[in-house]
A.B. asks: 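Quick one: this structure, given as structure tokens, is what I'll be asking you about.
Source: prediction; values computed, not measured. Numbered from 1 within each chain, the chains take letters A, B, ... in sequence-line order.
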Number of protein chains: 2
Amino acid sequence: MHGEMAPGQALTLRGIGKEFGVSMTPAREAVRRLAAEGALFLSTSGRVSTPELTNDRIEELAALRALLEVELASRALPRAHIALIDRLQSINMTVAEMVTKRDAVGYIRSNLEFHRTLYLRAQAPAMLAIAETVWLQLGPTMRALYGRLRRTEPPHYHKLIIAALKAGDEPGLRLAVRSDVTQGLRLLVS
Amino acid sequence: MHGEMAPGQALTLRGIGKEFGVSMTPAREAVRRLAAEGALFLSTSGRVSTPELTNDRIEELAALRALLEVELASRALPRAHIALIDRLQSINMTVAEMVTKRDAVGYIRSNLEFHRTLYLRAQAPAMLAIAETVWLQLGPTMRALYGRLRRTEPPHYHKLIIAALKAGDEPGLRLAVRSDVTQGLRLLVS
DNA sequence: CACGCCGTTTTGTGATCACATAGTCGGATG
DNA sequence: CATCCGACTATGTGATCACAAAACGGCGTG
């Protein structure tokens with residue numbers, strides 16, 4: 001999810017088991033679960049690797065993010081009090097820090113934490129879970145993107161999101177979230 | 001997915017294995033995968049059962065269905081030619097037949113086939129996959145609903161969907177799909 | 001030098017087992 | 001008669017193993 005693995009990276013059950021000090025059995029279960037969520041790709045012969053997404057798939061996942069996260073943000077809006085907004089601003093500082101440090105994994109992690117913190121207020125666990133599986137699918141690919149980007153701007157749309165939350169501006173919030181989610185992934189389609 | 005199992009029905013790995021003539025290992029993998037998709041519930045002690053959904057969860061899943069399926073239908077619309085519409089009408093006759101036969105499982109199965117046939121045209125596999133995991137989560141609960149219903153009406157909204165497809169009427173299609181998806185599940189919230 | 005073939009190694013699959021724990025049923029006690 | 005306790009059973013977990021198939025590498029051949 002955080003882009004620690006490159007797209008197409010191969011994994012073996014024995015390797016995973018050794019890495020975490022367990023046998024093949026728990027490694028297999030974890031792999032199957034992640035594959036069920038689309039986070040890992042299982043070849044026809046059972047080989048495991050992170051997925052290499054096509055442009056079509058990336059666009060589709062971006063559309064899904066927009067669809068789900070706009071709804072989540074909208075549901076969170078009436079419950080977003082000042083303590084939450086403060087917390088979002090604090091996380092946003094970490095995001096900006098990661099950008100200046102050119103830390104791709106740290107950037108993705110803190111960026112997703114920003115979104116998750118907001119969406120948790122939506123009281124919609126099933127929806128949030130699905131959004132997270134989408135993040136999971138995009139993880140390796142997002143890393144490949146942000147690693148390529150030379151020029152990295154501070155999280156502009158995050159500020160718009162916070163402003164819309166403060167103002168209780170639902171249309172503005174929806175637009176800001178959609179833009180934030182779509183922006184980065186638009187660059188990804190090469 | 002088709003409501004063949006009641007909500008809260010318990011399962012055992014050994015029982016599943018025996019039922020399908022395999023050992024515990026493949027049964028475990030299947031269960032873990034379905035649990036990852038939300039189709040099965042794993043208690044803290046690892047016990048397996050179908051989920052018993054709360055009203056809040058049902059409402060959330062209904063909202064998800066509306067969100068996803070409206071989008072899928074909308075994407076399918078420009079590609080919906082006459083052959084597809086014919087096929088939908090044919091499936092719809094099966095749906096009506098199941099209604100008159102009071103066959104809950106057959107109704108759910110053919111109803112979902114109607115939706116899936118339409119959404120396949122959307123060329124959005126990730127979105128369709130997510131919609132299907134939502135169906136999976138609702139399966140046992142839907143059965144409980146349709147089993148309770150005495151008065152069963154023919155699929156009114158399906159006809160609206162077909163009419164909107166024929167007319168190329170996107171707003172009408174979106175409304176019809178949303179209504180169709182929401183209608184049944186509204187009754188479910190007791 | 002490139003291509004293909006064959007033997008070796010790696011890897012996933014499914015079965016089985018020992019173990020710990022949770023669930024269950026029965027009996028004893030108040 | 002209800003409740004609680006204890007033994008027994010059922011169940012999931014993780015490890016290990018044998019096997020088959022796929023991937024890999026080196027060798028020989030054209």
Side-chain angles (χ1 to χ4, degrees), chain A residues 1-54 57 125-126 129-130 132-133 135-141 143-144, chain B residues 1-54 57 125-126 129-130 132-133 135-141 143-144:
Chain A
M1 184 186 286
H2 298 143
E4 284 154 35
M5 308 181 64
Q9 180 165 137
L11 296 169
T12 66
L13 298 184
R14 288 174 175 85
I16 294 167
K18 179 172 281 186
E19 183 175 346
F20 292 94
V22 295
S23 77
M24 293 171 60
T25 310
R28 247 200 315 192
E29 286 185 10
V31 160
R32 301 303 272 242
R33 172 178 168 187
L34 288 167
E37 296 180 55
L40 289 177
F41 171 75
L42 260 64
S43 83
T44 56
S45 68
R47 284 337 219 242
V48 190
S49 63
T50 55
E52 296 182 281
L53 304 182
T54 63
R57 180 57 67 113
I130 292 179
E132 290 192 325
T133 73
W135 297 350
L136 217 42
Q137 294 182 49
L138 283 168
T141 301
R143 159 61 178 276
Chain B
M1 183 185 286
H2 299 143
E4 285 153 35
M5 309 182 62
Q9 181 165 135
L11 296 168
T12 66
L13 298 184
R14 287 173 176 87
I16 295 167
K18 179 172 280 185
E19 182 176 346
F20 292 94
V22 296
S23 76
M24 292 172 59
T25 311
R28 243 192 329 182
E29 286 185 9
V31 160
R32 301 303 273 241
R33 172 178 165 186
L34 288 167
E37 297 179 51
L40 290 177
F41 170 74
L42 261 64
S43 81
T44 55
S45 68
R47 283 340 219 240
V48 190
S49 62
T50 54
E52 296 182 282
L53 304 182
T54 63
R57 180 57 69 112
I130 291 177
E132 290 192 326
T133 71
W135 297 348
L136 216 42
Q137 295 181 48
L138 283 169
T141 300
R143 158 63 176 278

A.B. asks: How close do T133(A) and E37(A) get, heavy atom to heavy atom, and via which atoms?
C.D. replies: CG2-OE1, 3.6 Å
A.B. asks: For M24(A) and dA18(D), what is the distance between atoms CE and P respectively, to the nearest whole Å?
C.D. replies: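 So the two atoms are 14 Å apart, to the nearest Å.
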A.B. asks: So L11(B), base contact, sugar-phosphate only, or nothing? Heavy-atom distance under 4.0 Å.
C.D. replies: sugar-phosphate
A.B. asks: I need the single residue from I16(A), L11(A), T12(A) that forms a side-chain contact (heavy atoms from CB on, under 4.5 Å) with V31(A). Which is it?
C.D. replies: I16(A)
A.B. asks: Using the closest heavy atom to pick a nucleotide of DNA chain D for each, name whichever of T25(B) or L13(B) lands nearer the 5' end.
C.D. replies: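 That would be L13(B).
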A.B. asks: To the nearest Å, give me how far apart CG (L42(B)) and C1' (dG12(D)) are.
C.D. replies: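 The distance from CG of L42(B) to C1' of dG12(D) comes to 10 Å, rounded to the nearest Å.
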A.B. asks: Just how far is it from atom CZ of R57(A) to atom CD of E52(A), taken to the nearest 0.5 Å?
C.D. replies: 13.5 Å
A.B. asks: State the CG-CZ distance between L13(A) and R47(A), to the nearest 0.5 angstrom.
C.D. replies: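 Going from CG on L13(A) over to CZ on R47(A), the span is 10.0 Å.
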A.B. asks: Please report the distance, rounded to the nearest Å, between CZ in R28(B) and C1' in dA15(C).
C.D. replies: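 For the pair R28(B) CZ and dA15(C) C1', the rounded distance is 11 Å.
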A.B. asks: Measuring from the side chain of R14(B) (C-beta onward, heavy atoms only), which nucleotide among dT13(D), dA15(D), dG14(C) has the closest atom?
C.D. replies: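 Among dT13(D), dA15(D), dG14(C), the one nearest the side chain of R14(B) is dT13(D).
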A.B. asks: Under 4.0 Å, counting only non-hydrogen atoms across every strand here, what does T12(B) touch: a base, just sugar-phosphate, or nothing?
C.D. replies: sugar-phosphate
A.B. asks: In whole Å, I'd like the distance from the NZ atom of K18(B) to the C1' atom of dG14(C).
C.D. replies: 18 Å
A.B. asks: Do any side-chain nitrogens or oxygens of R32(A) fall under 4.0 Å of OP1 or OP2 in dT13(C)?
C.D. replies: yes
A.B. asks: Measure from CZ on F20(B) to C1' on dA15(C) and round the result to the nearest Å.
C.D. replies: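 It works out to 18 Å between those atoms.
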A.B. asks: Over all strands shown, is R47(B) touching base, sugar-phosphate only, or nothing at heavy-atom distances under 4.0 angstrom?
C.D. replies: sugar-phosphate
A.B. asks: Which heavy atom in P51(A) sits nearest to a heavy atom in Q137(A), and how many Å separate them?
C.D. replies: CG-O, 4.2 Å
A.B. asks: Output yes when at least one side-chain N/O atom of S45(B) is less than 4.0 Å from OP1 or OP2 of dA22(C), else no.
C.D. replies: no
A.B. asks: Given atom CD of E19(A) and atom P of dT11(C), what is their separation to the nearest angstrom?
C.D. replies: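 After rounding, the gap between these two atoms is 14 Å.
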A.B. asks: Phosphate oxygens OP1/OP2 of dA15(D): is one of them under 4.0 Å from a side-chain N or O of S23(A)?
C.D. replies: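 The answer is yes; a side-chain N or O of S23(A) sits under 4.0 Å from OP1 or OP2.
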A.B. asks: Between C1' on dG14(D) and CD on E29(A), what's the gap in Å once rounded to a whole number?
C.D. replies: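 From E29(A) CD to dG14(D) C1': 9 Å.
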